[in-house]
Amino acid sequence: MSIALDPYVLDTLMADLVGHDRQPSAFLVYLYFVRHTSAAGKQTVTVALLDIAESTGLSKRTVQNAISWLVHRKLVAVTRPAATAVPTYRPLRPWRRS
């Protein structure tokens, strides 16, 4: 299976997150979210931190930090129905105009 990836993600976002922000883990986590939403034809994915960590090869704490960075950069929106519930993530594409 293949997914369409916006050229901006590789041409600009990768250099920005990995080079400028020095957050390569944030780029990996963003790609994880894009893959799991695009492949399913959905805008969101509900997934536990441990599952993201196992899929990306990152530690759970590194995934938490990456998600915090992505939220700070307004590249991911996170919703939780309750404090202990599994979060739902929506990768954002602020470079696209609606």
Side-chain angles (χ1 to χ4, degrees):
M1 175 192 308
S2 63
I3 61 168
L5 194 59
D6 191 325
Y8 182 91
V9 173
L10 294 177
D11 296 344
T12 305
L13 187 61
M14 179 172 61
D16 196 31
L17 287 175
V18 175
H20 181 263
D21 294 348
R22 302 197 191 289
Q23 296 288 330
S25 57
F27 183 70
L28 289 175
V29 171
Y30 185 81
L31 287 179
Y32 175 90
F33 292 144
V34 169
R35 186 260 183 261
H36 284 85
T37 54
S38 295
K42 298 181 180 180
Q43 292 185 346
T44 62
V45 61
T46 302
V47 62
L49 290 173
L50 188 57
D51 294 330
I52 300 169
E54 288 176 357
S55 293
T56 59
L58 301 170
S59 71
K60 184 178 167 186
R61 183 66 189 147
T62 299
V63 170
Q64 287 174 314
N65 290 340
I67 292 170
S68 292
W69 190 255
L70 292 169
V71 168
H72 169 74
R73 290 286 312 269
K74 294 179 176 56
L75 293 169
V76 170
V78 182
T79 55
R80 289 178 189 86
T84 58
V86 176
T88 298
Y89 302 97
R90 181 168 50 100
L92 304 174
R93 294 164 180 87
W95 56 89
R96 288 187 182 171
R97 294 178 190 232
S98 299

**Prompt:** Nearest 0.5 Å, what's the CG-CH2 distance between Leu75 and Trp95?
**Reply:** 6.5 Å
**Prompt:** Shortest non-hydrogen contact from Arg90 to Gln43?
**Reply:** CG-O, 3.2 Å
**Item:** Validation row: Thr88, Val78 side chains within 4.5 angstrom (heavy atoms)
**Value:** no
**Item:** Test log, rule side chain to side chain contact (heavy atoms under 4.5 Å, CB included), inputs Tyr30 and Val9
**Value:** CA-CA 9 Å; Tyr30 185 81; Val9 173; 4.3 Å; yes
**Message:** Keeping Asp21 on the side-chain end and Gln23 on the backbone end, is there a donor-acceptor pair under 3.5 Å?
**Reply:** no
**side chain to side chain contact (heavy atoms under 4.5 Å, CB included) between Leu10 and Phe27, worked out** = CA-CA 10 Å; Leu10 294 177; Phe27 183 70; 4.1 Å; yes
**Fill in**
Here the gap from Arg73 atom CZ to Leu92 atom CG, rounded to the nearest 0.5 Å, amounts to 12.0 Å
**Message:** Within the supplied structure, the quantity of interest is the number of heavy atoms (other residues, nucleotides, ligands) at a distance under 6.0 Å from Arg93 CZ; does it exceed 12?
**Reply:** yes
**Prompt:** Side chains of Pro87 and Arg80: closer than 4.5 Å at any heavy-atom pair?
**Reply:** yes
**Least distance between heavy atoms, Leu28 atom then Thr56 atom** = O-CG2, 4.4 Å
**Request:** Would you check if the side chain of Thr62 reaches a backbone N or O of Leu58 as a donor-acceptor pair within less than 3.5 Å?
**Result:** no
**Asked** Between Val76 and Leu49, is there a shared hydrophobic cluster once you connect ILVMFWY residues whose side-chain heavy atoms come closer than 4.5 Å?
**Response** yes
**Complete:** Shortest non-hydrogen pair, Ala26 vs Leu70, comes out as O-CD1, 3.5 Å
**Complete:** Between the CZ atom in Arg35 and the OG atom in Ser55, the distance rounded to the nearest 0.5 Å is 9.0 Å
**Message:** Please report the interatomic distance CG(Leu50) to NZ(Lys60), rounded to the nearest 0.5 Å.
**Reply:** 6.5 Å
**Request:** First locate atom CG of Asp16, then atom CG of Asp11, and finally report the distance between them rounded to the nearest 0.5 Å.
**Result:** 12.5 Å
**Prompt:** Residues in side-chain contact (heavy atoms from CB on, under 4.5 Å) with Val47, at least two apart?
**Reply:** Tyr32, Phe33, Val45, Asp51, Ile52, Tyr89
**Prompt:** Hey, does Pro91 have a side-chain heavy atom less than 4.5 Å from the side chain of Thr37?
**Reply:** yes
**Fill in**
Scanning both residues in full, the closest heavy-atom pair of Val63 with Ala53 reads CG2-CA, 3.7 Å
**Fill in**
Rounded to the nearest 0.5 angstrom, the NE2-CD1 distance for His36 and Ile3 is 9.5 Å
